[in-house]
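Owing to the predicted nature of the structure, the values given are computational and were not obtained by experimental measurement.
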Amino acid sequence: MSNQVVSCSLDIMGGTPCFLGTRVPVQTLLDYLEGGESINDFLEGFPTVTRQQVLDFLERAASLAMAESV
């Protein structure tokens with residue numbers, strides 16, 4: 001897994017957390033998944049995000065969720 005998956009910069013989308021090297025907010029991925037869309041659907045709509053970035057983000061989110069539940 002890469003070191004950094006998400007970037008926050010006031011110069012990019014006003015500081016909204018985005019996938020590193022893109023202007024795609026991570027919330028957009030979550031909205032897609034919540035709406036019943038697949039990762040493939042998301043990647044088709046946002047080709048600047050890689051599958052590995054999505055998988056790394058979801059893995060980190062799951063790890064954080066598990067850590068909070070302990």
Which heavy atom of G15 sits nearest a heavy atom of C8, and at what distance?
O-CB, 3.8 Å
Can you tell me how far CD of E37 sits from CG of D31, rounded to the nearest 0.5 angstrom?
11.0 Å
Tell me yes or no: between the side chains of D41 and S38, is some donor less than 3.5 Å from an acceptor?
yes
hydrophobic_cluster_shared for M13 and V6, side chain cutoff 4.5 Å:
no
Listed by chain and number, what are the side chain to side chain contact (heavy atoms under 4.5 Å, CB included) partners of T50, not counting sequence neighbours?
Q52, Q53
Going from CD on E34 to CD on Q27, what distance comes out if it is rounded to the nearest 0.5 angstrom?
8.0 Å
How close do D56 and V5 get, heavy atom to heavy atom, and via which atoms?
CB-CG2, 3.5 Å
Taking side chain to side chain contact (heavy atoms under 4.5 Å, CB included) as the test, write out the residues that go with L29, two or more places apart.
F19, L33, F42, V54, F57, L58
Using 0.5 Å steps for rounding, measure from the OG1 atom of T22 to the CZ atom of F46.
9.5 Å
Is there a continuous path of hydrophobic side-chain contacts, each under 4.5 Å between heavy atoms, that joins V24 to Y32?
yes
Is it true that the side chains of N40 and E44 contain a donor and an acceptor less than 3.5 Å apart?
no
